[in-house]
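Since this is a predicted model, take the numbers as computed values, not measurements. Whatever order the structure lists ligands and atoms in, that order sets their numbers, starting from 1.
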Amino acid sequence: MIKIFPLIEKISDQILKTKTITCWEEALKRGGWTKKDLDNIPFTLLPATYRPSLVIHTNGVTESAIAMSYVLVNSYSGHVKVDMDILISGGILHDVGKVLEYALEDGKFVKSKNGKLIRHPVSGAALASELGLPDDVLHIIASHSYEGDKTPRTIEAILIHHADFTNFEALGGKA
Ligand SMILES: [Fe+2]
C-alpha cells in the first residue's frame, strides 16, 4: 500500500499509519477489488477533460494539501497549526469510500448498488470508524465533499476539501 500511496510513509504515528493502510486494504476487499485494479479505477464518474486514476488523484490531493499547509504555517507565524499526521491520513483516506461506491459492469465503471444508496464520504467514514481511525480523520473523510458544507471544518479538513476541489476542477471536473 505504501508503494501505491508513498505519503503514508510520512505519518509518524505508527498506529495511525497501520490503520490508514488497513482501511484501504479492507475497502478494496469489501468492494471486490485487488490492488492491481487501483491502476484503472477512475477518480470520478463525473464529466472531466482528463480522468486519472483514483490513486493519482488521492496522491495529488494529499500532496496539494501538504504544500498549502507549509505556505499557511510559514506565512502566519504560529497562528495556523496543522497536524500533519491527521492531514496525511485524511488525505489518503478521503476517497477510500469510492471503491465501495463504484462497480465494474461490462467493462464500464458505474455506481455500485451500495454507491447508489450511500455516497463515498459516508461509506468511507463508516469504514474508518469501524477500523478505529481517530475522529479527526473521520471528520476529514465525512466533510471533504459538499456533505460537509454545513459542518465547521477543522484546518486539516479545510485543506483537504479545497485541495480536492482544486484537483477536480483543474481537470475540467464538473459536478
Ligand atoms: Fe477526492
Side-chain angles (χ1 to χ4, degrees), residues 1-2 4-8 10-11 16 19-21 23-28 30-31 33 35 37-69 82-104 109-112 114-129 131 133 136-151 153-175:
M1 239 44 236
I2 290 178
I4 298 169
F5 301 114
L7 290 165
I8 290 176
K10 296 194 177 193
I11 300 174
L16 183 60
K19 285 183 177 177
T20 303
I21 293 168
C23 193
W24 258 108
E25 287 174 343
E26 188 60 28
L28 285 176
R30 292 189 192 188
W33 309 100
K35 278 183 194 164
D37 291 321
L38 276 176
D39 294 336
N40 301 315
I41 298 172
F43 85 102
T44 185
L45 301 180
L46 296 167
T49 49
Y50 173 54
R51 277 204 272 184
S53 70
L54 183 56
V55 170
I56 292 175
H57 167 78
T58 298
N59 289 331
V61 167
T62 311
E63 197 82 67
S64 303
I66 292 170
M68 202 153 41
S69 78
V82 179
D83 185 321
M84 294 306 286
D85 272 10
I86 294 295
L87 182 73
I88 296 170
S89 176
I92 294 297
L93 292 178
H94 82 280
D95 273 346
V96 71
K98 283 195 176 173
V99 294
L100 304 171
E101 188 177 296
Y102 298 171
L104 190 59
F109 288 96
V110 294
K111 283 251 182 177
S112 67
N114 172 280
K116 284 180 189 158
L117 298 172
I118 308 162
R119 261 172 49 82
H120 65 278
V122 177
S123 56
L127 177 62
S129 171
L131 298 175
L133 271 297
D136 286 284
V137 172
L138 307 191
H139 168 71
I140 293 174
I141 301 170
S143 72
H144 79 272
S145 54
Y146 60 72
E147 278 87 348
D149 286 351
K150 294 268 196 285
T151 311
R153 293 182 174 100
T154 59
I155 181 63
E156 294 84 9
I158 290 168
L159 288 165
I160 297 299
H161 164 68
H162 287 287
D164 189 32
F165 279 82
T166 304
N167 278 260
F168 176 67
E169 289 174 6
L171 300 178
K174 293 206 187 333

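A distance of 6.5 Å separates CG of L28 from CD1 of I41, quoted to the nearest 0.5 Å.
Under a cut-off of 6.0 angstrom, the local environment of NZ in K116 is sparse, with at most 12 non-hydrogen atoms contributed by other residues, nucleotides or ligands.
Taking 2.8 Å as the limit, the number of protein N, O or S atoms around the Fe ion (ligand 1) is 4.
A heavy-atom distance below 4.5 Å is not found between the side chains of D83 and D136. Looking at L133 and K19, their side chains come closer than 4.5 Å, going by heavy atoms from C-beta outward. For the pair L171 and R51, the minimum side-chain heavy-atom distance is 4.5 Å or more.
Pairing each heavy atom of I92 with each of L7, the nearest pair is CD1-CB, 4.3 Å.
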